[in-house]
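FYI, side chains are in, hydrogens and waters are out, and symmetry mates aren't considered; it's all heavy atoms of this structure.
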Amino acid sequence: MKVDIILAGVGGQGILSIATVIGSAALSDGLYLKQAEVHGMSQRGGDVQSHMRISSEPIHSDLIPKGCADLIVSLEPMEALRYLPYLSKEGWIITNTVPFKNIPNYPEMSAIEAELGRLPHVIALDVDAIAAEIHSPRSANMVLLGAAASVIDLGEDLLRDGIRRIFARKGEDIVETNLNAFEAGIQFAKKRQ
Amino acid sequence: MADKQLLLGDEAVALGALHAGLSGVYAYPGTPSTEITEYIQAHPLASERAVHTDWTCNEKTAMEGALGMSYAGKRALVCMKHVGMNVCMDAFMGSAMTGANGGLVVTACDDPSMHSSQNEQDSRFLGTFAMMPVFEPSNQQEAYEMTRAAFDYSEENGIPVLMRLTTRMAHSRAVVTPREVRRQNEMHLPEHPRRWVTLPVNARVRNRELIADNVKFEEDACNSPFNRLTDGPDHSLGIVACGIAYNYLMENFPDGCPYPVLKVSQYPFPCRLANELAAMAGKILVLEEGQPLIEKRMRGVFPTKVEVHGRLDGTVVRDGELTPDEVRKALGMEAHPSYPASQVVVPRPPALCQGCGHRDFYTALNNVLKKDYPTAQVFSDIGCYTLGYMAPLNAINTCVEMGASFTMAQGAAYSGVWPAVAVLGDSTFTHSGMTGLLDAVNAKANVVLCISDNLTTGMTGGQDSAGTGRIEAICEGLGVEKEHIRTIVPLPKNYPDMEKVIREEIEYNGVSVIVSRRECIQTLRRHAKK
């Protein structure tokens, strides 16, 4: 088993909470894991990414080679495209469709949508709207993780357990909210297929 | 203690140090080193054992505090980003001459590709310069193990050890299996008291000892478990892979590297092993993260029979961080099939947060300078507020190194620049601005020195700032006239008042200090949550 994931977004959006859940799931399954993060200056509203590698064999590089990522999971549509050279030709993009516009020259959404449309495996969803619909506006990250679950190949139950472990200290309500958001993401991806 | 933990490279060093019997960490925050100290501060063992964990004013005071702890026989860790080494260099070089009593490990985190830095300097040069051993882990488990080994090496050989990490090692997570926790040292004074007084009469003796010790250090590096020469079936090429470069090499050979490889994680450079490698293969590729230190050394000046390839001849990219892809290219292997870069994507540089006090201060400053003082030059410094350079603020003319704002403004003012305005943050002020302020007072310089005080060390994530609550008192103590120490609150509603103060102090011929104070909105948010 081997999966290479690029998590993408804008500094402050919280891509690391997704990474933490996946990491917890992978560790509980006895898998190897490496996860390169961005700390420091870029966190101030710049583009941020995390290279996450999970494998049943020892992993050498902390960075995913170009053309080798199995999926890009992004909280922001343009940020999903930034890491395109890393995506394997058979790889998947799972991205939020809501742009984060903190720069004056943000491209036309139609151009971003057109480029995503040209790729073979894309799941694009408005995670903010879905999270709001189920009254969990602060769990948009888990909606995105749910949509990516079938591609991540760790098994949905392992990821559910990961969510329980990571959010346990915040109380049972928060755990439930995040599990609901995760389910909503899974359902979206299923309906689409 | 066999509980596996998912740790950043920085955290692996921190846990390794705690488990090795650490008595104090001495550090000034700086990306990518900050998480070492933060991890120790938050660890229960640190409070249980009363480990010193307070942030210091700068890297020099950190290095000196740790040296004092080593003098007293206890184990001390110093942490900083690479450019912090420049600040502590006097103390660092001195510590090679005094040697260590309690284990002393200096961790420098280099930032190739300059993710959050102003240069790419490679700290391994400084270990060589100081004739000190250098340890450079290649993965998180090794970072954990190596930290304890570095403390042991330091105590056994009476020498500080430099640990060198790079951004990718510092900020990547992997599973670490910890070992048992060791006791701290009892206080005990040095066995060689003369070494600690570096008068020429003592230093000359010590210098010869250190030169002699380096022969042993190199032999130790040849026998180190962290350095390894492995043979391979294909002798058309031999590879030297330093630190994390080893991972990028192996990534490209999932079934094992066909070439002989010398993995190097402990310096002085193990020349004997390099000669053994050269006997296997007449062509050598050097893979090292940072500047071409080993490559240059192996290449030398005169032609040799052994071909050496690396960054200097363009086989490996000349600057920037190594990646598995760059290493693949250097090995002459075909790139993996991949998509080209998207033409739609535009850069998204970091920016000052919405609602940040630095923004409001720069806005008021711009309102005054751009309208009425077009000849003004603004000398700024290292911190979040350096982002005032970016559009639309375009508020600063210089940023060089910690503290340079206050002092460069004086040199420029003396040369006829008016108004000469300097802007630095509160933490940078106590790091390296205070001495420059005293210079200004003594010279009666015609400068407006602004301290944009957000009550924290913001850029690195909100660590305690050494002068919080005492900024005006420090300025007054250094001799700035009380009526020219002005405090303003940077908020849009206060722009008229702020601009009035800035104008008045520009028109005053002498040293003015303007303290613009409002808490960092990131730390404010965190405090509100608590």
Novice: Could you check A:E113, A:R82, A:E115 and say which one makes a side chain to side chain contact (heavy atoms under 4.5 Å, CB included) with B:V344?
Specialist: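 That would be A:E115.
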Novice: NE2/A:H39 to OG/B:S33 distance, rounded to the nearest 0.5 angstrom?
Specialist: 12.5 Å
Novice: Side chain, backbone, both or neither: which part of B:Q354 has a non-hydrogen atom closer than 4.5 Å to chain A?
Specialist: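 Neither part.
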Novice: If I measure from the heavy atoms of chain A, does B:S342 come under 4.5 Å with its side chain, its backbone, both, or neither?
Specialist: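 Both the backbone and the side chain of B:S342 come within 4.5 Å of chain A.
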Novice: In terms of heavy-atom pairs under 4.5 Å, which option from B:R173, B:E251, B:R348, B:H336 contacts chain A the most?
Specialist: B:R348
Novice: State whether the number of non-hydrogen atoms from other residues, nucleotides or ligands found under 6.0 Å of A:N105 atom CG is greater than 12.
Specialist: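 Counting neighbours around CG of A:N105, more than 12 heavy atoms of other residues, nucleotides or ligands fall under 6.0 Å, so yes.
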Novice: Using a strict threshold of under 4.0 Å (side-chain N to carboxylate O), is an ion pair present between B:R168 and A:E37?
Specialist: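 Not counted as a salt bridge, because no side-chain N and carboxylate O are separated by less than 4.0 Å.
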Novice: Are more than 12 heavy atoms from other residues, nucleotides or ligands located less than 6.0 Å from atom NZ of A:K2?
Specialist: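 Yes.
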Novice: Measure B:P349 against the heavy atoms of chain A and call it side chain, backbone, both or neither at under 4.5 Å.
Specialist: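 Backbone plus side chain of B:P349, per the 4.5 Å heavy-atom cut-off to chain A.
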Novice: What option among A:E57, A:H51, A:E108, A:R53 has the most heavy-atom pairs under 4.5 Å with chain B?
Specialist: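 Top count of heavy-atom pairs under 4.5 Å with chain B: A:R53.
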Novice: For residues 111-148 of chain A, which residue pairs pass the ring-ring contact (aromatic ring centres under 6.0 Å, His included) check, not counting sequence neighbours?
Specialist: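 Counting only pairs at least two positions apart or across chains, the ring-ring contact (aromatic ring centres under 6.0 Å, His included) contacts touching residues 111-148 of chain A are A:W92-A:H121.
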Novice: So what's closer than 4.5 Å to chain B heavy atoms on A:L81: side chain, backbone, both or neither?
Specialist: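 Interface part for A:L81: both.
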Novice: Does CZ belonging to A:R138 count more than 12 external heavy atoms closer than 6.0 Å?
Specialist: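 Not buried by this count: 12 neighbours or fewer within 6.0 Å.
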Novice: Relative to chain B, which segment of A:E76 carries a heavy atom at a distance below 4.5 Å: side chain, backbone, both, or neither?
Specialist: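 Side chain only.
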Novice: Pick from B:N139, B:V346, B:I244, B:L249: which one has the most heavy-atom pairs with chain A under 4.5 Å?
Specialist: B:V346
Novice: So for B:L322, is it side chain, backbone, both, or neither that comes closer than 4.5 Å to the heavy atoms of chain A?
Specialist: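 It is the backbone, since no side chain atom gets that close.
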Novice: From B:F253 CZ over to A:H60 NE2, what is the distance, rounded to the nearest 0.5 angstrom?
Specialist: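 That separation rounds to 11.5 Å.
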Novice: What are the residues of residues 61-75 of chain A, in order of number, with any heavy atom under 4.5 angstrom from a heavy atom of chain B?
Specialist: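 Within residues 61-75 of chain A, the residues that come under 4.5 Å of chain B (heavy atoms only) are A:S61, A:D62, A:L63, A:I64, A:P65, A:K66, A:G67, A:C68.
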Novice: Considering only heavy atoms, which portion of B:L8 lies under 4.5 Å from any heavy atom of chain A: side chain, backbone, both, or neither?
Specialist: side chain
Novice: Might you confirm whether atom OH of A:Y32 has over 12 heavy atoms from other residues, nucleotides or ligands at distances under 6.0 Å?
Specialist: no
Novice: Please report the C-alpha distance between A:K89 and B:Y339 in whole Å, then the side-chain angles of each, then the deciding distance to 0.1 Å, and finally whether the side-chain contact (heavy atoms from CB on, under 4.5 Å) criterion is met.
Specialist: CA-CA 7 Å; A:K89 289 284 189 177; B:Y339 291 102; 4.0 Å; yes
Novice: For B:C356, is it the side chain, the backbone, both or neither that has a heavy atom under 4.5 Å from a heavy atom of chain A?
Specialist: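 Looking at B:C356, nothing touches chain A.
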